[in-house]
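Ligands are counted one by one from 1 in listed order, and the atoms in each one are counted from 1 as well.
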Amino acid sequence: MSGTAVYFPSDAKIPNEVRLVAADGQYNLITPLPGSILQSLEDQFVIGTRRLLSIAAAFKSQMKEGLANRPVSLKMLPSFIGKPTGLEEGAFLAVDFGGTNVRIMLVVLLGQGQYQITKKKSFPLKDPLGIYDFTAPDAAGTQMFDYIAEQIKDFTTCRQNYLLGHTFSFPSHHAGINEACLLYWTKEIRTQNVEGEDINRLLLEALQRNNVENVKPVAILNDTVATMLATSYSDKDCDLGSICGTGHNTCYLEKHTFGHESMIINIESGNFNQLPFLIYDELLDKMSVRPGEQRLEKMVGGYYLGEIVRLVVLDLVEKGFLLVGNNTGAQIHRAYSIKAEHVSAMLADQNPHLNDIDLWCRDYLGIDGSSPADRAVMKKISELVVNRAAGLVSATYIGILNHVDEQLASNHTVAVDGSVYEKIPGFSSTVSKILSEMTGENGQLIKLKTAQDASGIGAAVAAAMVQQTE
Ligand code: BGC
């Protein structure tokens, strides 16, 4: 076992005498908690409105710096596309490469903001039975894109020609609407020979290798951009698009930049780093594939929420505050064994004795004798982690809205998609509540809209916009 020093920002609330012990990829932490457990956790996780407003201000100022190409955590990547008119029409093929699952859709745009999805399928890049994993460090980009091309071949009919819009949900540097190089993988994907490459060229080459001559990629876009395009196809007030899912990010319409009239900017806000990190965030970051990167995403993304909960639970177990006298089994010591869906299940348990959590503790974690008090603490931890995430996401929205409309004098629709926003109980309503608290009366002009299937619809809208200009 070896001790490791941890860096804490000066303003973070960190308990005294933190010791971090890492061994064989497993990690533990030992922190003496002062006062009552719950009070101490609340002190750490609850971020008040004033603090959120100062985070929003820091976010806004980093946006400005990023737009001026200064090295800050917000990448401010141009997307080479503006807003649609809502009149775009035609049938388009959409590929939604959002993480370990890829979806293919046939989308018919009917104009007047109307559309239909006439066919869709989804497939994993990582086989649940372990037969293949195109996201692993020993997989090559060509193998991954060949697999995607094969799926496209099965999905389409060879008698028809298709224009393809590709929603690729990773930080990419665009040189045009159809040319984007992956800066680096996120969401813990590690496939080789993709970083630094022009993604639609890799896709096109794979289509050619697989004799798919009738499919032509014409646009590549981030999922936040797709979300914004899909919603603004029917809502002219939409000027922000956001994903609160496995990963997190937001884009917005920048009116004056890059010599273009207006263009959507992919902020890559998941990389924002001026935040009050706790020991749990530091630990999670240290053990992640890319320490130091995606710090906001590691506090709010669905990939990470369960792991934060696990680290807190484990901390309390280690200190003898939780699950006392229980054999906690191996599961809870395994990194990422608690997932966002478990966090959702804990939050959804309304039973007075929290029986569902008890069942989950037994069946999944292998913990037999949890007391109702233990389960209440676990539920409380989930609540604190999720509410903190909702607060931080809201702070970034306010930072962006203040950038585009300092007085908050116009209507703004924020289009949001993603499993955290849609599925975690209380997340979306907390975002909405915190936005109101942060904005007062002017907040009435801000509307949050859920945007389902937006990655596919937005990709089709982008392809249609390209077709119009050709
Ligand atoms: C990626 C973003 C993406 C977000 C949501 C992040 O990990 O860096 O590009 O928009 O996830 O999918």
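In terms of protein heavy atoms, atom 12 (O) of ligand 1 is closest to Asp223 OD2, 2.5 Å. Of the protein's non-hydrogen atoms, Lys187 CE, 3.0 Å is the one closest to atom 11 (O) of ligand 1. Regarding atom 9 (O) of ligand 1, its nearest protein heavy-atom neighbour is Glu268 OE2, 2.6 Å. Shortest contact from atom 6 (C) of ligand 1 to any protein heavy atom: Glu297 OE1, 2.9 Å.
Checked against a 3.5 angstrom limit, the closest N/O atoms of Thr224 and ligand 1 fall outside it. Backbone and side-chain nitrogen or oxygen atoms of Asn266 are examined, and none is located within less than 3.5 angstrom of a nitrogen or oxygen of ligand 1.
Atoms CG and CE, from Leu77 and Met263 in turn, are 11.5 Å apart once rounded to the nearest 0.5 Å.
Of all atoms in ligand 1, numbered sequentially from 1 with element shown, those under 4.0 Å from a heavy atom of Asn222 are 2 (C), 3 (C), 9 (O), 10 (O). Residue Asn249 approaches ligand 1 through these ligand atoms, each under 4.0 Å from one of its heavy atoms: 2 (C), 3 (C), 4 (C), 9 (O), 10 (O). Numbered from 1 in the order shown, with element, the atoms of ligand 1 that lie under 4.0 Å from a heavy atom of Ile243 read 5 (C), 12 (O). Residue Phe170 has at least one heavy-atom neighbour below 4.0 Å for each of these atoms of ligand 1: 9 (O).
Not a single heavy atom of Gly98 sits closer than 4.0 Å to an atom of ligand 1.
The shortest distance between side-chain heavy atoms of Arg310 and Leu305 does not fall below 4.5 Å.
Aromatic ring centres of His403 and Tyr252 lie closer together than 6.0 Å.
A donor-acceptor pair shorter than 3.5 Å can be found between the side chains of Asn210 and Asp146.
Salt bridge annotation for Arg70-Glu65: present, with a cationic side-chain nitrogen under 4.0 angstrom from a carboxylate oxygen.
Using a distance-only test at 3.5 Å, with no hydrogens or angles considered, no donor-acceptor pair links the side chain of Asp405 to the main chain of Leu401.
When all heavy atoms of Ser79 and Ile264 are compared, the pair lying nearest together is OG-O, 2.6 Å.
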Practice item. Apply the test side-chain hydrogen bond (donor to acceptor under 3.5 Å, both in side chains) to residues Tyr132 and Tyr147: give CA-CA distance (whole Å), side-chain angles for both, the deciding distance (0.1 Å), then the verdict. Key: CA-CA 11 Å; Tyr132 62 85; Tyr147 187 63; 3.1 Å; yes
